[in-house]
Asker: 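Below you'll find the structure I mean.
Numbers here simply count residues along the sequence, with the first being 1.
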Amino acid sequence: MQMAAPAHVLVLGMGYSGRHLAALLQAQGIACSGTVRDPVTAPDDGLTRYRLAEGVPVDEELRAAIRRADAIVCSVPPEDAGDPALRLLADALHGSPALRWVGYLSSTAVYADRDGGWVDEQARADADGDTALRRLRAEQQWRAFAQARGIASAVFRLPALYGRGRNALVQLAQGKARHVVRPGLVFNRLHVEDLAAAVLAAMQRAQGHALYLPADDAPAPPQDVLAHAALLSGLPLPAAQAWDDPAVPASLRRFYASNKRIDSRGTRAALQWQPRFATYRDGLADAWENGDGHR
């Protein structure tokens with residue numbers, strides 16, 4: 001059941017996804033601000049940002065924003081001990097009078113390799129690598145915080161994010177694309193604007209402690225996405241590399257080691273949400289029409 005949208009939202013970690021969420025919320029008439037490590041280096045886009053960094057005292061402006069917020073979304077990358085934003089802001093968050101919902105942006109990296117099989121909301125989060133364990137620890141901390149406060153929460157386990165300004169077209173144009181091939185590998189993606197819409201839908205259905213897996217309709221090999229970007233732009237494909245080539249960075253090899261598809265039907269039904277960009281072709285077409293990949 002759809003409920004009233006929040007009046008004030010605070011985004012902890014206003015990076016790529018946070019900026020798009022803030023833009024959508026403000027377009028809906030919802031006040032939104034966020035935190036960054038250094039507001040001085042942030043883009044001049046009219047969004048209010050507060051400093052949140054290790055070793056820097058939490059100032060009164062950020063504390064006031066926390067007191068106003070009835071919804072908080074965290075997209076800060078986790079550390080070994082869990083979520084650093086929750087740790088740095090624990091006292092202010094526990095005392096926030098208006099807060100009724102928290103959301104945490106996690107990752108489908110918490111699921112181990114499925115050899116191309118499907119994962120949904122009922123699947124066990126069984127990955128045991130450092131990245132997955134950090135994500136799971138942060139998820140658990142936010143859920144425990146919400147339970148202690150008696151408020152609603154949501155965890156969003158996300159596939160690879162892309163959108164205008166961050167996609168294969170941009171990588172090709174900048175000469176940074178990696179044409180890495182692992183036979184049989186597929187994975188889903190999610191356009192950043194579709195992520196923002198899913199988070200807003202979850203805020204409007206704030207109840208219990210939910211788990212969502214928003215994703216597109218086209219789990220596909222990464223080389224297919226790169227080839228489509230090359231076709232759109234006329235830019236050349238870089239030479240192909242095997243995924244286990246020692247020249248491929250270890251972090252990228254770890255990413256390519258997990259082969260799974262995301263079934264988001266449960267999330268779509270629960271949120272009454274559908275991705276606007278159902279496939280990577282839709283998302284790349286939008287990016288190309290808005291100038292990405294042009295030299």
Side-chain angles (χ1 to χ4, degrees), residues 1-14 17-18 21-22 24-25 28-35 48 50 52 58-79 81-107 110 121-125 133-158 195-214 266-273:
M1 180 178 66
Q2 185 162 330
M3 304 165 65
H8 296 273
V9 176
L10 178 66
V11 178
L12 304 178
M14 194 179 279
S17 57
L21 174 59
L24 174 62
L25 294 174
Q28 298 289 324
I30 300 168
C32 185
S33 57
T35 69
T48 300
Y50 311 101
L52 179 63
V58 179
D59 64 25
E60 181 52 34
E61 287 187 343
L62 177 51
R63 291 182 182 275
I66 291 172
R67 289 194 295 269
R68 288 191 300 269
D70 46 352
I72 287 178
V73 179
C74 183
S75 67
V76 176
E79 57 189 14
D83 190 275
L86 184 55
R87 174 175 54 82
L88 293 170
L89 298 173
D91 61 333
L93 289 168
H94 278 285
S96 56
L99 192 60
R100 64 180 179 87
W101 181 90
V102 292
Y104 178 68
L105 304 188
S106 186
S107 169
V110 300
E121 295 83 1
Q122 282 70 51
R124 187 166 67 93
L133 294 177
R134 286 193 292 266
R135 284 291 182 190
L136 288 170
R137 193 167 294 120
E139 289 181 13
Q140 292 160 1
Q141 289 171 350
W142 277 107
R143 190 172 293 114
F145 166 79
Q147 290 171 338
R149 285 291 313 268
I151 61 175
S153 70
V155 168
F156 302 83
R157 291 178 178 165
L158 307 176
L195 167 60
V199 173
L200 175 57
M203 290 178 182
Q204 294 170 324
R205 292 162 175 81
Q207 53 186 342
H209 304 289
L211 172 64
Y212 300 118
L213 272 70
T267 290
R268 297 182 189 200
L271 295 179
Q272 294 298 292
W273 165 87

Asker: Residues in salt bridge (Lys or Arg N to Asp or Glu O under 4.0 Å) with R63, at least two apart?
Answerer: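 Testing R63 for salt bridge (Lys or Arg N to Asp or Glu O under 4.0 Å), a comparison that skips the adjacent residues, returns D91.
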Asker: Taking side chain to side chain donor-acceptor pair (under 3.5 Å) as the test, write out the residues that go with R87, two or more places apart.
Answerer: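 Applying side chain to side chain donor-acceptor pair (under 3.5 Å) to R87 gives E54, E79.
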Asker: Can a donor-acceptor pair be found, under 3.5 Å and without considering hydrogens, that links the side chain of D70 to the backbone of H8?
Answerer: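 Yes.
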Asker: Is there a donor-acceptor pair closer than 3.5 Å between any side-chain N or O of Q141 and the backbone N or O of D83?
Answerer: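 Indeed, once roles are kept as given, a pair shorter than 3.5 Å links the two residues.
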Asker: Take L10 and L62 through the test side-chain contact (heavy atoms from CB on, under 4.5 Å) and record every step on the way to the result.
Answerer: CA-CA 9 Å; L10 178 66; L62 177 51; 4.2 Å; yes
Asker: Is any side-chain heavy atom of S153 closer than 4.5 Å to a side-chain heavy atom of W101?
Answerer: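 No, side chains not in contact.
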Asker: How far apart are the C-alpha atoms of V11 and T35, what are their side-chain angles, what is the distance that settles it, and do they pass the side-chain contact (heavy atoms from CB on, under 4.5 Å) test?
Answerer: CA-CA 6 Å; V11 178; T35 69; over 6 Å; no
Asker: Taking the side chain as every heavy atom from C-beta outward, state whether L211 and F156 have any pair of such atoms under 4.5 Å apart.
Answerer: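 Side chain of L211 against side chain of F156, heavy atoms only: no contact under 4.5 Å found.
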Asker: Minimum heavy-atom separation for P78 to P84, with atom names?
Answerer: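 Scanning both residues, the minimum pair turns out to be CA-CD, 4.0 Å.
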Asker: Going through the checks in order, is the side-chain contact (heavy atoms from CB on, under 4.5 Å) test met by L105 and V199?
Answerer: CA-CA 9 Å; L105 304 188; V199 173; 4.2 Å; yes
Asker: How many angstroms lie between OG in S106 and CZ in R134, if you round to the nearest 0.5 Å?
Answerer: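 With rounding to 0.5 Å, OG (S106) is 12.0 Å from CZ (R134).
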Asker: Within this structure, what is the CD-CZ distance for the pair Q147 and R149, rounded to the nearest 0.5 Å?
Answerer: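 Taking CD in Q147 and CZ in R149, the distance rounds to 13.5 Å.
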Asker: Going from CZ on R157 to OH on Y212, what distance comes out if it is rounded to the nearest 0.5 angstrom?
Answerer: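 Rounded to the nearest 0.5 Å, the CZ-OH separation comes out at 13.5 Å.
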Asker: Determine, step by step, whether M203 and L25 satisfy the side-chain contact (heavy atoms from CB on, under 4.5 Å) criterion, reporting the C-alpha distance in whole Å, the side-chain angles of both residues, the deciding distance to 0.1 Å, and the verdict.
Answerer: CA-CA 11 Å; M203 290 178 182; L25 294 174; 4.3 Å; yes
Asker: Enter the distance from H94:NE2 to L89:CG here, rounded to the nearest 0.5 Å.
Answerer: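 H94 NE2 to L89 CG: 10.5 Å, rounded to 0.5 Å.
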Asker: With heavy-atom distances below 4.5 Å as the criterion, would you say the side chains of V155 and H209 are in contact?
Answerer: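 Result no, sub-4.5 Å side-chain heavy-atom pair not found.
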Asker: Of all the heavy-atom pairs spanning L200 and Q28, show the shortest one and how long it is.
Answerer: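 Taking every non-hydrogen atom into account, CD2-CG, 3.9 Å.
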Asker: My understanding is that only residues two or more places apart in sequence, or in another chain, count here; which of them pass salt bridge (Lys or Arg N to Asp or Glu O under 4.0 Å) with R67?
Answerer: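 R67 satisfies salt bridge (Lys or Arg N to Asp or Glu O under 4.0 Å) with E60 once adjacent residues are dropped.
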Asker: So, R68 versus S96: side-chain donor-acceptor pair below 3.5 Å or not?
Answerer: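 No, no side-chain donor-acceptor pair sits under 3.5 Å.
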Asker: Return the minimal non-hydrogen interatomic distance between A5 and I30, and the atom names on each side.
Answerer: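 For A5 and I30, the tightest heavy-atom pair comes out as CB-CD1, 3.8 Å.
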Asker: Using every non-hydrogen atom in the two residues, find where A85 and L52 come nearest and quote the distance to one decimal.
Answerer: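 Reported closest heavy-atom pair: CB-CD2, 4.0 Å.
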Asker: Is the shortest side-chain heavy-atom distance between L93 and I72 below 4.5 Å?
Answerer: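 Side chain of L93 against side chain of I72, heavy atoms only: contact under 4.5 Å found.
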Asker: Can you check whether P6 reaches R100 side chain to side chain, under 4.5 Å on heavy atoms?
Answerer: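 Yes, side chains in contact.
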Asker: If you take all heavy atoms of P214 and W273, which pair is closest and at what distance?
Answerer: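 What the structure gives for the nearest pair is CB-CH2, 3.7 Å.
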Asker: Quick one: are S75 and L12 in side-chain contact, heavy atoms under 4.5 Å?
Answerer: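 In short, these two side chains do not touch, never coming nearer than 4.5 Å.
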Asker: Among all residues two or more places apart in sequence or in another chain, which pass the salt bridge (Lys or Arg N to Asp or Glu O under 4.0 Å) test with R135?
Answerer: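 By the salt bridge (Lys or Arg N to Asp or Glu O under 4.0 Å) rule, R135 matches no residue at all.
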Asker: A side-chain contact here means heavy atoms from C-beta on lying under 4.5 Å apart; do F145 and I151 qualify?
Answerer: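 In short, these two side chains touch, coming nearer than 4.5 Å.
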Asker: With sequence neighbours excluded, what pairs up with S17 under the side chain to side chain donor-acceptor pair (under 3.5 Å) test?
Answerer: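 Scan of S17 (side chain to side chain donor-acceptor pair (under 3.5 Å), adjacent residues dropped) gives none.
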Asker: Closest approach of Y104 and A138, non-hydrogen atoms and distance?
Answerer: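 Answer, listing the atom of Y104 first, then A138: OH-CB, 3.3 Å.
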Asker: Return the set of residues passing side chain to side chain donor-acceptor pair (under 3.5 Å) with R143 (not counting sequence neighbours), or none when no residue passes.
Answerer: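 For R143, no residue satisfies side chain to side chain donor-acceptor pair (under 3.5 Å) once neighbours in sequence are set aside.
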Asker: Would the distance check show the side chain of E121 and the main-chain N or O of T267 forming a donor-acceptor pair, the cut-off being under 3.5 Å?
Answerer: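 Yes, the answer is positive, given that a donor and an acceptor are paired below the 3.5 Å cut-off.
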Asker: Would you compute the distance between atom CD of E139 and atom SG of C74 and round it to the nearest 0.5 angstrom?
Answerer: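 With rounding to 0.5 Å, CD (E139) is 11.5 Å from SG (C74).
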